Amino acid sequence: MKKRILSGMRPTGALHLGNYYGALENWVKLQDEYDCYFFVANWHALTTGYEDIADMKNNIYDVVIDWLSAGLDPEKSVIFVQSDVKEHAELHLAFSMITPLSWLYRCPTYKDQLSQLKERNIATYGFLGYPCLQAADILMYKSEFVPVGEDQLPHVELTREIARRFNYLFGEVFPEPQGLLTKVKVLPGLDGRKMSKSYGNTIALSDSPEMILQKVKQMITDPARIKKTDPGHPEVCSVYAFHKIFNPEGVAEVEENCRAGKIGCVQCKKMLANKMVGYLEPIYTKRKELENKRSYIQEVLHDGARKARQVAAKTMEEVKQSMGISYE
Ligand code: TRP
Ligand code: SF4
């Protein structure tokens, strides 16, 4: 029996390479070894974004199209949208009965976001309960592992605490899941800062080969290099960081030539762009193909929701029995 894993992403628009290397690439690999559930966390998106829903629908398609283009396979993994499986909302309600407020108030993401997203009104019941909903997502499928980035570990820990509390109060229903930390390949943005949509320094999976060439040209290199013969410091250069990922067989030579002042940045960037296009073009092509197939995407999601619901309904049956809600 394969072990089960579950993970989700909020639909915040087309994914960039940071998202790809931070999560999606890993999900694609996990598919063969695990029984995988991947879902679009659209209820979660509302917790911080309920005032700005104009793009939500398109964002759901964008994220699923990115997943499928990058290699998530509906034959191998259950791929669905959170709100399609009503049991998530139901289990969230059940957990809200037993989750102490203090656990939620002390969650680091709650404090951080509240101070960072000052322009939004997220001092809401729903936002405070974010980790409680995430616990419902995870425990619904009795997942053993949750592949996430480091920032999400507090939520996995809280999930374990909620599972323990539930089991203590009502009997053993939930296993305690573990976070599966992705060995993240760190990819800086075009300007050397962390790649992030809010910095406008990303390369997206939906960028065309021409766009990639354009963006690589703009990348910030070692400022100490003015002439080609100036010795370079690849460790401060984004282009070099990208070579490590897209050109593993050639990166040592790049480093040597850069330090020795034997290669110009223009040429170095050209080499990189070619490697990147070689790797990303198949994803881009698949993406273009899927963009016009909304009904196929819908089919995939409906089918995924149907499979997810079979597991979810069983869990909810157990939950209701053990909590004294059921009168059957
Ligand atoms: N909170 C996660 C994020 O922002 C998304 C998410 C929602 C999730 N439910 C989940 C991740 C369950 C893993 C498991 O990235
Ligand atoms: Fe960066 Fe390449 Fe220029 Fe060196 S030669 S500074 S690695 S772009």
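What you see is a predicted model; the values in this text were computed from it and never measured. Counting starts at 1 for both ligands and their atoms, in listed order.
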- Near Val239 (heavy-atom distance under 4.0 Å), the atoms of ligand 2 are 8 (S)
- Query: Quick one: which ligand 1 atoms are inside 4.0 Å of a heavy atom on Val146?
  - Reply: 13 (C), 14 (C)
- Is any NZ, NE, NH1 or NH2 atom of the basic residue among Glu317 and Lys314 found under 4.0 Å from an Asp or Glu carboxylate oxygen of the other? no
- With distance as the sole criterion, is a donor-acceptor pair present between the side chains of Asn121 and Glu51 under 3.5 Å? no
- Query: Of Thr221, Val266, Ile263, Ile220, which has the heavy atom at the shortest distance from atom 8 (S) of ligand 2?
  - Reply: Thr221
- Message: Contact between ligand 2 and Cys258 is defined here as a heavy atom of the residue under 4.0 Å from a ligand atom; is it met?
- Response: yes
- Pro131, Gly8, Ala136, Gly179: member with heavy atom nearest to atom 13 (C) of ligand 1: Gly8
- Query: Which pair of non-hydrogen atoms, one from Ile263 and one from Cys258, has the smallest distance, and what is that distance?
  - Reply: CG2-N, 3.6 Å
- Message: Polar contacts were defined as any N/O atom of the residue lying under 3.5 Å from an N/O atom of the ligand; does this apply to Asp137 and ligand 1?
- Response: yes
- N, O or S from Cys237 under 2.8 Å to atom 2 (Fe) of ligand 2: no
- Item | Ligand-residue contact atoms, ligand 1 with Leu6, heavy atoms, under 4.0 Å | 12 (C), 14 (C)
- Query: Pick one: which of Arg4, Lys307, Lys142 meets salt bridge (charged side-chain N to carboxylate O under 4.0 Å, His left out) with Asp35?
  - Reply: Arg4
- Pair Asp62 + Arg287, salt bridge at N-O below 4.0 Å: yes
- Query: What protein heavy atom is closest to atom 8 (C) of ligand 1, reported as residue, atom name and distance in Å?
  - Reply: Gln134 NE2, 3.5 Å
- With distance as the sole criterion, is a donor-acceptor pair present between the side chains of Glu289 and Tyr296 under 3.5 Å? no
- For ligand 2, is there an atom lying under 4.0 Å from some heavy atom of Arg225? yes
- Message: At less than 4.0 angstrom from any non-hydrogen atom of Ser7, what atoms of ligand 1 do you find?
- Response: 13 (C)
